[in-house]
Amino acid sequence: MLRFIIRRLIITVILAFVVVTLVFLLLRLIPGDPAMTALGENASTEQLEIARQRMGLNDNIVVQYYNWWVRIIRMDFGESLVDGRPVVDELVRRLPRTFELIIVAAIVALFVGLPAGLIAATQRNKMGDSFITGFALLGLSMPLFVTGSLFVLLFGVILKWLPTGYADPGDNMGKHLLSLVMPVGALAILLSANLIRQTRANMLDVLGQDYVRTARSKGLGQAAVLKRHVLKNGLIPVTASFGIQLAGLLGGTVVTEAIFNWPGISSLLITAIGRRDYTTIQGLILVIALMVLTINFITELVYAYLNPRIRYK
Amino acid sequence: MLKPNSSSRKLPIVTALLLLVTLIMAACGDATQTTAPAATTAAATTAAATAAATTAAAVTTAAGVTTAAGAATAAPGAANSAANPGMGVEPTVAPAGKTGGTLKYGLSSDPSGLDPQIHTGAAPAIIKTLVYDTLLRLAPDGKPLPWLATGWETTDPKNFTFKLRSGVKWHDGTDFTAEDVKFSFERIAKKETGATRLPDFANIETITVVDPTTVKIVLKQADSSFLAVVADVTSSIVSKKYVEGGGNLKNNMLGTGAFIFNSRESGVKIDIKKNPNFWLKGQPYLDAISFIMYPDDRARLSALQSGAVDFADYIPWRSYDELANNGTFTVYSKPATTSAIFVNTTKAPFDNVKLRQAVAAAVDPAAIAKAVFFGKAVPLTAGFLIPNTAYAEGQTMPYKFDVAKAKALVAESGYNGQEVELVTTSTYDFLQQTAEIVQSQLTAIGIKVKITSVDFTVFGQKFNKQEFNLLTSSFSAAIPDPNYMNQLFGKGSLYQNRTGYTDPKIEDLLAKGRATAVESERLSIYRELNILALTQLPIIPLVLREEGEAGAKYVKNYVRFTLGVDTNRTLMTTWLDK
Amino acid sequence: MPTSTLELDTSSPVTAAPEKKSLRRWLNGRLVLGLLLVVPLLLLGFIGPLLNLGDPIKTDPLNSLLGFGQNGHLLGTDQNGRDIMIRIVVGLRTSLIVTLISVAIGGTIGTTAGLLAGFYRGWLEQVIMRVVDLFLVFPTILVAIAVISFIGSSLPNLILVISLLIAPVFARIIHASTLVEAQRDFIEAARAVGDRNQRIIIKHLLPNVTTPLFIELALMLGQVVLVEASLSFLGLGVPPPEPTLGNMVSTARGYMFNAPLMLVWPSIVLATLVMGFNLTVDGLRDALDPRVTSSKK
């Protein structure tokens with residue numbers, strides 16, 4: 001087990017390295033120019049050239065790449081090419097906001113989705129099942145930017161129950177918690193709808209397995225069968241899928257953050273990409289990559305724990 | 001443009017004010033007749049319309065005027081007016097019904113940098129205007145007024161001497177002096193700064209500090225628009241001591257202005273607070289302004305409607321009625337910017353002037369005004385001449401929407417059916433929508449058009465590198481002087497580099513216009529230039545659109561001037577009635 | 001793990017149980033309802049545009065944002081005065097093409113990769129799964145922006161982007177299931193009998209991972225419709241003026257107050273399509289999976 005963990009850790013680091021290298025190259029390949037964002041659209045070609053020179057963008061790409069890593073190793077993410085602010089500051093400020101969204105939404109989704117999926121599976125084709133799967137279907141059938149906008153319109157503008165965007169916890173904690181409700185709600189609906197479907201399908205799958213029938217035929221009660229045999233096996237693929245989904249949300253809450261004006265890392269990523277702020281994008285992706293890989297890694301550990309047969313040689 | 005509701009009731013006041021205006025004009029001994037037509041539309045919201053002038057927004061204040069009785073705080077330059085050639089008319093400011101409080105302003109874009117000498121968009125300019133000062137400011141009629149300079153002298157459009165206000169302090173407590181002015185202007189003229197006004201300030205031959213309150217500037221080439229240039233926010237004065245001491249203007253602000261930069265959380269908000277030592281006593285009325293970023297239009301509107309912010313910029317045209325009809329909001333909007341098609345004249349098929357004329361005749365401005373701008377735009381009458389100025393008066397367009405004519409021109413041009421690329425950006429939906437309509441209308445006259453929609457930075461790059469045939473964008477006169485056209489057509493200028501159109505005749509006219517300060521001469525020069533440009537059409541202007549902000553009704557005293565001139569400074573005298 | 005459920009697994013290969021497919025199985029509620037939603041939309045999408053209803057691109061700006069039934073436009077017009085009904089029909093086709101083709105491409109690549117990785121293990125698994133990780137680590141949006149801004153936005157490029165985005169998801173799911181299935185007794189049995197690897201994968205593994213595959217397909221078909229919409233929302237979708245359900249909905253969001261119906265119509269079609277896809281494949285899964293129906297309580 002230890003060897004497995006160490007090996008995966010090494011792979012994780014290598015992968016992060018590869019990802020960041022790819023991003024580095026990609027950014028310099030795609031059109032767009034950070035100098036233009038820094039100087040505005042009215043800057044002359046000559047001014048832009050000077051700015052690029054100063055930003056070090058005219059250096060040999062290998063030199064740029066080397067310089068960037070040298071700084072990263074010293075834990076220095078550099079400054080934003082466009083507004084000159086330290087990238088680290090920005091990351092430290094924004095990461096918790098996105099974490100907050102994802103974690104709260106995940107908890108809500110787990111509390112709603114897992115039990116609902118189980119109920120749907122055990123009450124297959126009865127009222128409860130129809131109701132729950134109906135909800136899941138509805139939740140998955142509209143783009144988030146439409147439902148989100150309607151939420152804002154209803155709860156923010158018409159009823160005025162909830163803030164329409166991010167409220168700083170430093171200013172007013174209560175308001176901050178209220179401002180969490182809509183984005184978390186929107187994310188949680190998506191997550192739990194997926195979770196319900198996954199759980200239900202996998203549970204049904206396992207319920208139909210021979211060993212479950214055997215267990216039943218041995219006289220084990222429904223609850224015991226569920227607890228001892230079905231849950232664990234049924235939850236393996238669910239874990240995998242939920243883990244991937246959560247990891248995907250890092251840098252993937254783009255629409256949520258845009259609609260609910262939430263200044264997290266996804267909106268930072270969007271702004272930085274729009275401005276071609278290379279240093280910010282690179283720093284951000286490095287951090288996101290490390291975290292996603294870590295989550296994947298943990299997912300795999302849980303996976304291995306739940307199913308000893310696939311534990312690595 | 002004047003909304004009918006507000007003027008009739010106030011007729012007596014208006015008349016009185018007009019009289020006053022005339023008197024002041026006479027006193028200035030200046031040929032401000034040019035503003036007279038504007039004055040007739042000005043009306044209603046002047047100071048005397050009292051603090052209850054909640055309709056401020058609805059009314060044009062092209063000649064906003066006067067230091068009327070009882071009204072207003074001190075006008076910063078009234079005393080020196082006689083000395084200042086070409087000076088404009090000081091707008092009056094209604095007194096605050098109540099001072100203090102924090103205005104929450106929903107802003108459409110987070111500044112990519114805070115350096116006032118680099119223009120990074122209209123939204124950041126609002127903040128920069130309030131924190132920094134310029135030597136001059138512009139009156140609503142577009143003429144210069146004293147600001148950090150109390151007066152100026154100019155013998156010809158090459159020599160300018162500015163007398164500076166004394167006792168002005170930077171936000172860090174140090175004294176503002178002529179050295180700061182010299183440093184600031186030289187900073188703009190340095191290529192390394194990346195300043196937007198580089199072309200204007202690179203024209204400075206010498207800049208001399210005569211004494212701590214006097215600066216003398218000699219230009220290489222005469223430039224009759226120099227005073228207007230100096231009044232633009234991109235000509236803001238920065239502190240020599242601060243910058244030389246390593247201060248970073250990109251992410252910090254240190255000015256002499258009415259508000260002090262307080263804090264910034266990028267992507268979230270920028271807070272500025274009242275400068276208690278502001279040299280213009282009694283201003284600003286507010287204690288603080290908190291600019292909260294809402295890049296998504298819908299989110300910004302929702303924030304305004306839900307009360308999360310009191311005010312918001314860049315209201316989409318389609319939402320004007322939604323806000324105005326609600327009764328709790330006022331939309332402040334004035335014609336400001338010209339939507340246009342930019343043409344790459346260096347590449348076939350649009351190196352052919354006939355085909356450019358065909359495009360101009362094929363696109364229906366009325367259709368664009370309706371569908372894209374919901375009627376908050378008007379077809380152009382004077383082309384490149386600045387609307388509502390003497391230059392534009394009585395002018396007509398040499399072409400009009402005429403499909404048959406357009407088809408004939410296409411035939412004449414010998415267009416071979418090649419597909420042309422119309423570049424637009426998905427970042428601004430109205431540019432993309434304009435492109436869709438233009439494409440459809442060009443298809444109707446047989447020009448095959450492919451739309452390329454890219455994000456804004458790629459859009460800018462394609463524009464600069466001439467990777468387009470046609471491109472939808474906008475232009476406006478950043479300074480209310482016809483010499484702004486230099487930026488559109490002057491050799492080596494920004495847009496000339498993009499459209500690739502050169503014309504010795506246009507060059508000649510531009511140089512003549514810059515060199516003279518005589519209004520009547522300039523009038524005919526620029527009118528001739530305009531017609532020439534409208535015939536050659538490297539840029540095809542479509543409609544003059546409004547730009548607007550909106551605020552809750554309790555936000556008082558904010559005024560949107562035509563062409564946006566000096567609008568941002570009215571936030572200094574904005575107050576909250578709540 | 002003392003309680004490992006696999007101890008109980010003494011079953012024979014599942015593939016060997018082709019049960020009688022009674023009509024009853026196929027008439028399950030979900031499948032019927034799903035088909036009732038999807039089939040008409042498929043017909044509308046693929047036949048509708050052939051009916052020559054009118055030009056979905058030609059603008060008529062002076063008649064923009066017309067309401068229900070005005071000026072002969074049954075569902076009104078959009079912000080450029082284009083007939084919304086015609087655009088929905090044509091947009092539906094584009095959305096269907098994007099969805100079906102990218103799910104087919106992405107699903108095939110992902111499933112193949114997942115099967116190979118799960119069956120062969122070793123270095124092949126490492127390579128495949130690490131590439132998959134790489135894709136999953138890359139923020140979707142950056143992939144989309146990079147690809148689109150590098151090769152331009154067009155229908156084929158959009159399909160490419162979406163395929164790239166979904167292939168790794170399939171790979172992971174199928175890989176996970178393959179790992180479990182590959183260790184079951186019947187695979188060992190097949191090996192013992194001397195079946196070739198290729199045959200084992202196709203004949204024994206693939207049929208046993210159909211459940212997760214179908215679930216994923218169900219989710220994907222629906223999700224891709226939504227992904228297309230989200231990419232449009234971010235300005236990365238099918239370029240204008242070509243209609244798709246996604247770009248119609250995302251544009252209409254801006255006109256929520258001016259013309260609410262402009263948002264309602266394409267949204268209904270979009271939601272129906274997504275729901276129909278999800279229901280259909282749910283139903284199919286129930287009908288196809290031999291185990292589920294037998295456990296009917």
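Quick note on labels: first sequence line is chain A, next is B, and so on, each numbered from 1.
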Trainee: Answer yes or no: is there a side-chain heavy-atom contact under 4.5 Å between C:R82 and B:E436?
Mentor: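 Result yes, sub-4.5 Å side-chain heavy-atom pair found.
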
Trainee: Carefully, step by step, assess C:F257 and B:D321 under the rule side chain to side chain contact (heavy atoms under 4.5 Å, CB included).
Mentor: CA-CA 10 Å; C:F257 285 87; B:D321 291 344; over 6 Å; no

Trainee: To the nearest 0.5 Å, tell me how far B:I451 CD1 sits from C:S153 OG.
Mentor: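 The CD1 atom of B:I451 sits 10.5 Å away from the OG atom of C:S153.
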
Trainee: Roughly how far, to the nearest 0.5 Å, is CE of C:M256 from OG of B:S319?
Mentor: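 Between atom OG of B:S319 and atom CE of C:M256 there are 9.5 Å.
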
Trainee: Looking only at heavy atoms, which two atoms of B:R298 and C:G254 are closest? And how far apart?
Mentor: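 The answer is NH1-O, 4.2 Å.
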
Trainee: What pairs of donor and acceptor atoms, side-chain ones from residues 157-171 of chain C against any protein atom, are under 3.5 angstrom apart with sequence neighbours left out?
Mentor:
unit_1 : atom_1 : unit_2 : atom_2 : d
C:N157 : ND2    : C:I151 : O      : 3.0
C:N157 : ND2    : C:G152 : O      : 2.7
C:N157 : ND2    : C:S154 : OG     : 3.3
C:S163 : OG     : C:I159 : O      : 2.7

Trainee: Between B:E322 and chain C, with a heavy-atom cut-off of 4.5 Å, which part of the residue counts as in contact: side chain, backbone, both or neither?
Mentor: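 For B:E322, side-chain heavy atoms alone lie under 4.5 Å from chain C.
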
Trainee: What residues of residues 236-244 of chain C sit under 4.5 Å from chain B when you count only heavy atoms?
Mentor: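 Counting heavy atoms that sit under 4.5 Å from chain B, the residues of residues 236-244 of chain C involved are C:P240, C:P241.
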
Trainee: Under 4.0 Å between a side-chain nitrogen and a carboxylate oxygen: does that hold for C:R253 and B:D297?
Mentor: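 Here C:R253 does not pair with B:D297 in a salt bridge, since their nearest N and O are not under 4.0 Å apart.
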
Trainee: What part of B:T443 is in contact with chain C, defined as an atom under 4.5 angstrom from a non-hydrogen atom: side chain, backbone, both or neither?
Mentor: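 Nothing of B:T443, per the 4.5 Å heavy-atom cut-off to chain C.
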
Trainee: For C:L234, which atoms come within 4.5 Å of any heavy atom of chain B: side chain, backbone, both, or neither?
Mentor: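 For C:L234, neither part sits under 4.5 Å from chain B.
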
Trainee: Per the ring-ring contact (aromatic ring centres under 6.0 Å, His included) rule, what does the pair list look like for residues 51-84 of chain C, sequence neighbours excluded?
Mentor: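 Every pair satisfying ring-ring contact (aromatic ring centres under 6.0 Å, His included) with a residue in residues 51-84 of chain C: C:F68-C:W265.
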
Trainee: What donor-acceptor contacts under 3.5 angstrom involve side-chain atoms of residues 38-61 of chain C, with partners at least two apart or in another chain?
Mentor:
unit_1 : atom_1 : unit_2 : atom_2 : d
C:D55  : OD1    : C:I57  : N      : 2.8
C:D55  : OD1    : C:K58  : N      : 3.4
C:T59  : OG1    : B:S440 : OG     : 3.0
C:D60  : OD2    : C:N63  : ND2    : 2.8

Trainee: Within a reach of under 6.0 Å around NZ of B:K347, are more than 12 heavy atoms found that belong to other residues, nucleotides or ligands?
Mentor: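 More than 12 heavy atoms, drawn from other residues, nucleotides or ligands, come within 6.0 Å of this atom.
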
Trainee: Output yes when a side-chain donor or acceptor of B:R318 lies under 3.5 Å from a complementary backbone atom of C:N258, and no otherwise.
Mentor: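 Side chain of B:R318 to backbone of C:N258: no pair is present.
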
